[in-house]
Amino acid sequence: MKTTLIAAALAAVAVTGAAAAPEKYVLDSSHSQILFDYNHLGYSTTYGMFAGFEGEIMFDQEDPAASSVAVSMPLSMMFTGWQARFDHFMTKDFFDATEDETVSFTSTAIEVTGDNTAKISGDLTLNGVTKPVVLDAKLNQTGDHPMAKKPWAGFDATTSVLRSDYNLGQFAPFVSDEVNIKISVEAMKADS
């Protein structure tokens, strides 16, 4: 779910930066989140969040389409706001998850669509199923971080997935099959 957006945003960053060889950026886990929401029986919108994910981005400032991103996060870092809901998500009704199960995204293509936007295509692996997704990404800002004193980038992205595509379709269509995903991440230039 999470994270295809990173590549798109960095691709957009590359368009605006000076020409250089590909550079490695790593996610700032403390300032990166993936929010998701779905409709619950028509009565409400239920929200959740993933945090604590890791990943790296290689982006080429001369050829942003040659950039790439790979991220993963432990399923156990999902936050639902209600322990009983989280516990239910981990049962056979949904994930039937082990403690070390992860969610991952690996980009397959980047299409720069504007000065600060891009579409990032990639493979999302969730619940043991891998499917293609496309992230609509927007570069928020690049520059030297005022406290870390190193290059930094921040961006947002959105997408949606059908949970039934990942064998998570319990209670659909009453609980919506479509899950909306919003990603906001910061990434720092890796130390040489």
Side-chain angles (χ1 to χ4, degrees), residues 1-10 25-57 69-108 119-138 140 153-188:
M1 282 183 217
K2 6 256 89 222
T3 16
T4 326
L5 307 173
I6 296 173
L10 288 176
Y25 275 65
V26 294
L27 292 183
D28 173 6
S29 296
S30 65
H31 295 100
S32 299
Q33 304 86 33
I34 297 170
L35 303 175
F36 62 90
D37 69 74
Y38 55 91
N39 180 283
H40 183 256
L41 305 172
Y43 295 112
S44 67
T45 301
T46 301
Y47 296 91
M49 182 177 80
F50 281 94
F53 49 96
E54 299 178 346
E56 73 177 39
I57 301 149
V69 61
V71 297
S72 67
M73 70 199 74
L75 190 59
S76 61
M77 293 300 291
M78 182 187 343
F79 177 74
T80 67
W82 187 41
Q83 187 63 43
R85 179 180 299 120
F86 175 83
D87 293 343
H88 188 200
F89 282 174
M90 296 304 116
T91 69
K92 290 183 181 186
D93 280 350
F94 294 100
F95 292 98
D96 194 19
T98 60
E99 277 199 35
D100 60 348
E101 189 160 338
T102 61
V103 177
S104 66
F105 172 82
T106 303
S107 64
T108 56
K119 289 189 179 292
I120 302 171
S121 299
D123 293 326
L124 173 64
T125 300
L126 174 65
N127 200 35
V129 177
T130 301
K131 295 275 187 180
V133 297
V134 177
L135 300 174
D136 290 311
K138 176 183 176 280
N140 294 326
F155 41 94
D156 292 343
T158 60
T159 193
S160 62
V161 298
L162 295 179
R163 58 191 179 90
S164 59
D165 285 348
Y166 298 90
N167 298 324
L168 297 168
Q170 183 80 321
F171 309 122
F174 307 107
V175 176
S176 67
D177 194 14
E178 184 174 39
V179 177
N180 302 308
I181 300 167
K182 296 176 185 174
I183 302 165
S184 189
V185 298
E186 294 185 26
M188 66 196 94

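Predicted model only: the values in this text are computed from it and were never measured.
- Across all non-hydrogen atoms, the minimal contact from Y166 to N127 is O-ND2, 2.9 Å.
- A heavy-atom distance below 4.5 Å is not found between the side chains of L124 and K131.
- Proximity of E54 to V71: side-chain heavy atoms (C-beta onward) are nowhere separated by under 4.5 Å.
- Within a 6.0 Å sphere centred on CZ of F174, heavy atoms belonging to other residues, nucleotides or ligands number 12 at most.
- Shortest non-hydrogen contact noted between F155 and K138 is CB-O, 2.9 Å.
- Considering only heavy atoms from C-beta on, M78 stays 4.5 Å or farther from V103 through its side chain.
- Looking at F95 and L126, their side chains come closer than 4.5 Å, going by heavy atoms from C-beta outward.
- Side-chain N or O atoms of S164 include none that pairs as donor or acceptor with a backbone N or O of G169 at under 3.5 Å.
- Rounded to the nearest 0.5 Å, atoms OG1 (T159) and CD1 (I181) are 6.0 Å apart.
- Between F53 and M73 the shortest heavy-atom distance is CB-CB, 3.2 Å.
- By the neighbour-count criterion of 12 heavy atoms within 6.0 Å, atom CD of E99 is sparsely surrounded, having that number or fewer from other residues, nucleotides or ligands.
- At distances below 3.5 Å, at least one donor-acceptor pair connects side-chain atoms of S32 with backbone N or O atoms of E186.
- Within the 3.5 Å criterion, the main-chain N or O of R163 finds a donor-acceptor partner in the side chain of D177.
- To the nearest 0.5 Å, atoms CE (M49) and CG (D37) are separated by 14.0 Å.
- For the 3.5 Å distance criterion, the side chains of T130 and D123 fail to qualify, holding no donor opposite an acceptor.
- Ring pair F89/F94 is perpendicular by interplanar angle, where above 60° counts as perpendicular and below 30° as parallel.
- Rounding to the nearest 0.5 Å places OG1 of T46 at 8.0 Å from CG of N39.
- Between Y47 and L35 the shortest side-chain heavy-atom distance does not fall below 4.5 Å.
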Apply side chain to side chain contact (heavy atoms under 4.5 Å, CB included) to the pair M188 and V26, showing each step before the final yes or no. CA-CA 5 Å; M188 66 196 94; V26 294; 3.6 Å; yes

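- Distance alone, capped at 3.5 Å, places no donor-acceptor pair between the T102 side chain and the P74 backbone.
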What's the verdict on side chain to side chain contact (heavy atoms under 4.5 Å, CB included) for L41 and V175, showing C-alpha distance, side-chain angles and the deciding distance? CA-CA 5 Å; L41 305 172; V175 176; 4.2 Å; yes

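- A heavy-atom distance below 4.5 Å is found between the side chains of V133 and V161.
- Note: S107 OG to I57 CD1 = 9.0 Å, rounded to the nearest 0.5 Å.
- No side-chain N or O of N180 forms a donor-acceptor pair with one of S160 less than 3.5 Å apart.
- Under the 3.5 Å distance criterion, the side-chain polar atoms of T80 are matched with a main-chain donor or acceptor of W82.
- Of all the heavy atoms in S176 and E178, the pair that sits closest is OG-O, 3.1 Å.
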